[in-house]
K.L.:
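What follows is a single structure, and I will ask about it in a moment.
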Amino acid sequence: MSAITDRIDNTTRIPASHLKAELPAPRSVKIEISPRCNYRCGFCALRTRETQPKWDMDFALFKRITREMRDAGVEEIGVFYLGESFMNPRLLVDCIRYLKRDIGMPYVFLTSNASMAFPEAVQACMEAGLDSLKWSVNAADEQQFTNIMGVAGRLFHTALDNIRGAWEERRRGGYRTGLYASSIRYDGGQLEKMEQLLESRVTPYVDQHYWLPLYSMGAFATVREEQLGYRPTAGNQGRIGALREPLPCWSAFTEGHVTAEGRLSACCFDATAHWTMGDLNTTPFMAAWNSPAFVSLRRAHLARDVRGTVCENCIAYTQ
């Protein structure tokens, strides 16, 4: 089983072959199965939406675009983008099964907050062929969880129980799904508290854990973040230990990002379709991947001058 950090680093590292405006298919694409989430995290781009959606991706659309992706050479599909895919576990399992059994996608991965990943749903995902399941663990105790995630503290304990439950489910069923976890690396005493929690409740039940910086989520920095004392880093520079330069931004070159509505975005934090480069309801995937808008944006990134583009106000380029 390969380390999850190797796959992450291979995505955030732009190879020389991809330092151009018009590109072959990305190796990896994330697709928003559900744009909904049961958390209200103060640092998340989902909070930029004026109205939170109450619907999920159309399965027929999912099947069509992923077949196009596979035919084009995509090798990895993330069955999530910004929302929590376990909000619709039946659709999630159907999507995983289709990817693995119908079109032979080599690698299917998922990130979840774990609070709705109950053992029966996790077992169904593993049975369908899910290759990787990564938990986001970003609070050290119930009080901090309530402050940051903005929901009832009981979900803090539910998520931790589900992380252990997934480990036990994998062992019972003999499944090959990799289990991982990531955490935002805060400072000082918060880091010590996180390390204690991880050691007792998380790392015994995952194959690997790694740290992330507090992302700016496409220039989304809220008063709430300032009140909590957490300053976001510039853009999405990858994981701690392998941070990338903000320009050119890997998100526009090495990984596709598709919203539940079927829009292809240039940004890994696009909750409002502000960075839309093509509509996959009407445009084939590769035509959208190399649309005039996307090609023009990549040229600006390669020139390291994004003034006048949709990326102009990203925190990565203003600090």
Side-chain angles (χ1 to χ4, degrees), residues 30 32-57 78-92 110-122 125 133-166 179-186 189-191 193-194 196-198 200-202 205-206 209 211-218 220-232 259-260 268-272:
K30 290 179 180 177
E32 193 172 45
I33 301 302
S34 176
R36 301 178 290 139
C37 186
N38 61 324
Y39 282 9
R40 298 293 180 266
C41 301
F43 54 77
C44 182
L46 292 178
R47 305 282 70 76
T48 62
R49 289 171 171 162
E50 292 184 5
T51 302
Q52 296 302 315
K54 295 180 173 59
W55 40 264
D56 300 316
M57 186 174 229
V79 281
F80 73 103
Y81 179 16
L82 295 175
E84 170 55 57
S85 295
F86 278 106
M87 294 289 287
N88 191 336
R90 178 173 295 180
L91 175 61
L92 173 61
L110 171 64
T111 290
S112 168
N113 65 35
S115 67
M116 299 188 70
F118 298 105
E120 57 271 22
V122 170
C125 289
L133 176 52
K134 193 263 289 187
W135 312 114
S136 291
V137 183
N138 297 312
D141 54 43
E142 182 177 333
Q143 183 60 52
Q144 186 187 49
F145 177 90
T146 301
N147 291 341
I148 296 178
M149 281 66 194
V151 291
R154 60 180 173 76
L155 292 178
F156 173 75
H157 304 285
T158 299
L160 293 173
D161 289 343
N162 286 342
I163 290 172
R164 184 188 62 217
L179 294 173
Y180 310 100
S182 69
S183 303
I184 294 172
R185 190 179 181 92
Y186 301 110
Q190 167 61 14
L191 176 58
K193 291 179 181 179
M194 283 298 303
Q196 292 173 9
L197 173 78
L198 293 169
S200 62
R201 300 296 303 276
V202 178
Y205 308 114
V206 296
H209 172 272
W211 294 98
L212 296 170
L214 177 57
Y215 298 139
S216 67
M217 296 276 182
F220 175 49
T222 67
V223 173
R224 191 174 180 198
E225 286 171 7
E226 295 172 1
Q227 291 172 340
L228 292 170
Y230 307 136
R231 183 173 180 80
T259 69
C268 51
F269 296 135
D270 188 6
T272 58

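All values reported here derive from a predicted model rather than from experimental measurement.
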K.L.:
Do the side chain of S34 and the main chain of N88 share a donor and acceptor less than 3.5 angstrom apart?
P.N.:
no
K.L.:
Which heavy atom of P35 sits nearest to which heavy atom of W55, and what is that distance?
P.N.:
CD-O, 3.1 Å
K.L.:
So which atom in Y81 and which in C268 form the shortest heavy-atom distance, rounded to 0.1 Å?
P.N.:
CE1-O, 3.3 Å
K.L.:
So, do L92 and L110 sit near enough that their side-chain heavy atoms are less than 4.5 Å apart?
P.N.:
yes
K.L.:
With Q143 as reference, evaluate D141, N147, T146 under the side chain to side chain donor-acceptor pair (under 3.5 Å) test and give the passing residue.
P.N.:
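Between Q143 and the candidates, side chain to side chain donor-acceptor pair (under 3.5 Å) is satisfied uniquely by N147.
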K.L.:
When rounded to the nearest 0.5 angstrom, what is the spacing between CG in N38 and OG1 in T158?
P.N.:
10.0 Å
K.L.:
OH of Y205 to CG of N162: how many Å apart, nearest 0.5 Å?
P.N.:
13.0 Å
K.L.:
As an exercise, state the distance from CG of L82 to SG of C37, rounded to the nearest 0.5 Å.
P.N.:
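If we round to the nearest 0.5 Å, L82:CG and C37:SG are 9.5 Å apart.
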K.L.:
Run the side-chain hydrogen bond (donor to acceptor under 3.5 Å, both in side chains) check on S115 and N113 step by step: do they pass?
P.N.:
CA-CA 6 Å; S115 67; N113 65 35; 2.8 Å; yes
K.L.:
Under the ring pair (Phe, Tyr, Trp, His ring centres under 6.0 Å) criterion, do Y39 and F145 qualify, and how do the steps go?
P.N.:
CA-CA 10 Å; Y39 282 9; F145 177 90; 5.3 Å; yes
K.L.:
Find out whether M194 and W211 are in side-chain contact, i.e. whether some heavy atom of one side chain is under 4.5 Å from a heavy atom of the other.
P.N.:
yes
K.L.:
Any side-chain to backbone donor/acceptor pair from E32 onto T259? Under 3.5 Å, distance only.
P.N.:
no
